[in-house]
Amino acid sequence: MNANEMIKIISKVWCTSEDLQKLSGLGITNTSKLKRKIKEKIEKDGKVLPKGLLPMSEVVKYLNIDIDYYKKIAEYQLKEQVVKTVL
């Protein structure tokens with residue numbers, strides 16, 4: 001997955017199992033375990049979640065994703081594509 005794809009996923013409000021699998025790089029079984037851990041942590045704080053979804057902000061925090069870093073990479077990749085297209 002490139003930086004643009006990463007930014008597109010983390011731009012969502014809610015995280016699905018498929019999104020979590022892409023972000024974490026885990027298989028289906030371990031993604032389910034991770035999802036359960038994050039869900040339990042959120043519900044422990046007294047929050048109610050929609051079925052099958054996690055708040056993307058919590059997923060980003062839990063996975064310690066550096067959004068600014070991926071934005072910089074995405075911008076660089078975009079500039080690189082523009083240069084290749086012009087040449």
Side-chain angles (χ1 to χ4, degrees):
M1 171 176 17
N2 66 32
N4 287 318
E5 292 168 337
M6 174 81 81
I7 295 295
K8 187 175 180 177
I9 292 172
I10 62 177
S11 296
K12 297 178 182 180
V13 175
W14 297 103
C15 182
T16 64
S17 295
E18 294 81 20
D19 295 334
L20 185 58
Q21 187 173 3
K22 289 176 185 176
L23 292 173
S24 66
L26 299 173
I28 294 171
T29 304
N30 287 327
T31 298
S32 294
K33 291 176 185 177
L34 176 61
K35 186 176 180 179
R36 200 172 320 117
K37 283 182 185 179
I38 297 171
K39 181 181 176 185
E40 288 171 358
K41 181 181 181 296
I42 294 168
E43 289 178 338
K44 185 178 178 183
D45 293 337
K47 298 177 184 172
V48 179
L49 299 173
K51 186 173 182 165
L53 299 173
L54 297 171
M56 187 61 76
S57 59
E58 294 296 324
V59 171
V60 169
K61 284 182 204 173
Y62 193 89
L63 295 177
N64 198 25
I65 296 173
D66 186 352
I67 296 172
D68 291 332
Y69 173 74
Y70 286 103
K71 282 182 181 178
K72 287 178 187 176
I73 292 174
E75 288 172 11
Y76 174 77
Q77 289 173 342
L78 183 62
K79 287 178 186 177
E80 193 174 82
Q81 287 175 348
V82 170
V83 170
K84 286 181 182 177
T85 306
V86 172
L87 299 176

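Treat the numbers as computed from the prediction; the structure is a model and nothing was measured.
Ile10 and Leu78 are not part of a single hydrophobic cluster, where members link through side-chain heavy atoms under 4.5 Å apart. Hydrophobic clustering of Ile, Leu, Val, Met, Phe, Trp and Tyr side chains at less than 4.5 Å, counting indirect connections, keeps Ile7 apart from Tyr76.
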- [ ] Show the numbers, then the answer: is there a salt bridge (Lys or Arg N to Asp or Glu O under 4.0 Å) between Glu58 and Lys61?
- [x] CA-CA 5 Å; Glu58 294 296 324; Lys61 284 182 204 173; 3.6 Å; yes
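With rounding to the nearest 0.5 Å, the separation of CG in Asp19 from OG in Ser24 is 10.5 Å. We find the OG1-NZ distance between Thr16 and Lys22 to be 7.5 Å, quoted to the nearest 0.5 Å. Taken from CD in Gln77 to CG in Asn2, the straight-line distance is 5.0 Å, to the nearest 0.5 Å. Interatomic distance, Lys71 NZ to Asp68 CG, rounded to the nearest 0.5 Å: 6.0 Å. Between the CZ atom of Arg36 and the CD atom of Glu43 there is a distance of 12.0 Å, given to the nearest 0.5 Å. Atom CG of Leu26 and atom CG of Leu20 lie 7.5 Å apart (nearest 0.5 Å).
Formation of a donor-acceptor pair under 3.5 Å by the Lys35 side chain with backbone atoms of Gly52 is found in this model. Distance alone, capped at 3.5 Å, places no donor-acceptor pair between the Glu40 side chain and the Lys37 backbone. Asp45 places no side-chain N or O within donor-acceptor distance of the main-chain N or O of Lys47, the cut-off being under 3.5 Å.
Looking at heavy atoms from C-beta onward, Ile9 lies out of side-chain contact with Cys15 at the 4.5 angstrom threshold. The shortest side-chain heavy-atom distance between Thr29 and Lys33 falls under the 4.5 Å cut-off. In this structure the side chain of Leu63 reaches within 4.5 angstrom of the side chain of Leu34, judged on heavy atoms.
Looking at every heavy atom in both residues, Ala3 comes nearest to Ala74 through CB-N, 3.7 Å. The shortest non-hydrogen separation linking Leu23 to Met1 is N-CE, 4.0 Å.
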